[in-house]
Amino acid sequence: MPKQNFKVCLCWRRIFKTRVVEPPPDVKIAFNRFSQSGTMTVDDLLTFLIAHQGENNATKEDAQAIFDSLKHLNIFHRKGLHIEAFFRYLLGDHNLAHPPSSKVHHDMTAPLAHYFLFTGHNSYLTGNQVISASSVEPIKDALLRGVRVIELDLWPNSKGDDVEIRHGGTLTSPVDLQKCLQAIRENAFHASQYPVVITFEDHLNPNLQKKVAKMVIETFGDMLYRSETENMQQFPSPESLKKRILISTKPPKEYLGENRGDGSETESGRNPSGVGEHFPDEDEENTVVQYRQLIAIHAGKLKGGLENWLSDDPMKVRRLSLSEQELENAIRTYATKIVRFTQRNLLRVYPKGTRLDSSNYNPFVGWMHGAQMVAFNMQGYGKYLWIMQGMFKANGGCGYVKKPDFLLQRGENDEVFNPNSPLEVKTVMRVKVILGEGWHQDFHHTAFDRYSPPDFYTRIGIAGVPEDKDVKQTAIIEDEWLPVWDEDFEFLIRVPELAVLRIQVLEYDTTGRPDFGGQTSLPVSELRTGIRTVPLCDKKGNRYKHVRLLLRINFGRPYDL
């Protein structure tokens, strides 16, 4: 058996035996049940896929493809799978809990307002909101990860004769607008064929707006979607907008002829209270015609307070932007009014101005009230960004997730869903964390501890509406690269459509701060049942080559408790 040495000092080394992980009891039980005389044939494997894994549509061709994928292994036998090959299949990419190759399966023919959109905030920034550089690289990366809404802040350059992208009122460096537009054109539809929305935060005079219009038209050409009417009664569908670019903005307040007492919806230079707005319909009359015709999704707040902002005009749809703080204040009084507004109109939520470190906020506050564009800083990492990435792995990773029916329906008396009402448990999710592997291949042997193998434990939980939030933890397995936990957990879920399974592996450290060993977030509504493998990712969301967990996942009805 191989051994691993850890040098403590010149005259002392710690030596640990390394082992090969063996099939755990769950795997042995499944293999013995579906195999014959220690061998699993293609027909046996097909029966396993249907009866044990819940793949009701599996075919003999699917089983044969799994057989073919194992032929390179020395443990493969022509007559069928022995338990070692079966175990390697279960840990392989043919047995993922959430396959990345899953296709778009939501109805994509409904209006845009019926979907959650993968939305970025200040998409050009490479780091924090104060002194980081602006670049096209974060825009490219976001689009290649499936982000469908890109935000650009338009400002005059120092000479006032050209347009640059920067975070106004900060020390962030600018990037050229043309470079950003070109990066969007070249990368918009690699990860998804569904439309990309560019939100402009506009601080330009009419001459520069005209220049922007010329750039946008020349860059995007026929890709650019322009509505035949300024007052759309309903947004078009994602299906009808495939491979199209939409511009969403409103004209700036700074250069309007009249000096009105209301404020601006823009995040840069906004007034402290964040209230008060221009009249979008009247202001647009002062904007150059070429620029106004670019706007596919009109944005703006109506005059008055929050109740007016959330008014639903049956003759015109629009986009409204609220900060996370404004939304949190609004839901105390206007929860159902927000749900009603978002059934036809778009609501964008953006991080509060004090998030100078480019951190993020709880996205479920917006999603539970129907907000389609929950805008996130994509350049960092952390719990909420991991949840956002997990949410948009759903529906084939196309960047559009259909909102649950309860957010779109109206009752006999025109009533809508009330997010503040108590919720009943809809499903019980049972997860067994069986084992993990791959760290010794993807990490240096002293990456976690200089003097011994790592002490891994797993945190697993549900992110979702407040009643569904739950986190559990396995035991710590000491001095082991191949930890076997074999622990069962149960989660009661009230809104499975919005629930995300969060998994994080940590390494216990005696200093009190655990070391990071991988993470992933997956949409509960699309998880496959049975014994499944879950590859883990780094902090940025990039998948490790070998690190993964083996889980057993099952769902039950509440009355099965």
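Remember, it's a predicted structure, so these values are computed and weren't measured experimentally. The first residue of the sequence shown is numbered 1, and numbering continues consecutively from there.
- The closest side-chain donor-acceptor pair between T520 and K393 falls under 3.5 angstrom.
- Looking only at distances, no side-chain donor or acceptor of R410 sits under 3.5 Å from a matching main-chain atom of E415.
- Residues forming a side chain to side chain contact (heavy atoms under 4.5 Å, CB included) with D442 (at least two apart in sequence, or on another chain): Y544, K545, H546, V547.
- For D202 (side chain) and T249 (main-chain N/O), no donor-acceptor pair under 3.5 Å exists by modelled atom type.
- No donor-acceptor pair under 3.5 Å is formed between the side chain of N122 and the backbone N or O of L125.
- No donor-acceptor pair closer than 3.5 Å links the side chain of D141 to the backbone N or O of E137.
- For K469, there are no salt bridge (Lys or Arg N to Asp or Glu O under 4.0 Å) partners at least two apart in sequence or on another chain.
- Judged by distance alone, the side chain of R355 and the main-chain N or O of N360 form a donor-acceptor pair under 3.5 Å.
- The structure places CG of L144 at 11.5 Å from OG of S192, a figure rounded to the nearest 0.5 Å.
- At a cut-off of 3.5 Å, with distance as the only test, no side-chain donor of E151 or S123 sits close to an acceptor on the other residue.
- Using a 4.5 Å heavy-atom threshold, the side chains of F376 and P363 count as touching.
- Ring geometry for Y350 versus H121: interplanar angle under 30°, hence parallel rather than tilted (30 to 60°).
- Checked by atom type, the side-chain pair Y124/D153 shows a donor-acceptor distance below 3.5 Å.
- No donor-acceptor pair under 3.5 Å is formed between the side chain of Q372 and the backbone N or O of F116.
- A cation-pi arrangement, defined by a distance under 6.0 Å to the six-membered ring centre and an angle within 45 degrees of its axis, is present between K539 and F516.
- Checking side-chain atoms of N329 against main-chain N and O of Q325 turns up a donor-acceptor pair under 3.5 Å.
- Side chain of R244 to backbone of R226: no donor-acceptor contact under 3.5 angstrom is found.
- Side-chain atoms of T119 come within 3.5 Å of backbone N or O of L117 as a donor-acceptor pair.
- A side-chain donor-acceptor contact under 3.5 Å links S248 and R319.
- Between Y361 and Y384, the ring center distance fails the sub-6.0 Å criterion.
- In this structure, N231 contributes its side chain and K316 its backbone to no donor-acceptor pair below 3.5 Å.
- Side chains of N345 and D312: a donor-acceptor N/O pair is present below 3.5 angstrom, by distance only.
- In this structure, E526 has no salt bridge (Lys or Arg N to Asp or Glu O under 4.0 Å) partners at least two apart in sequence or on a different chain.
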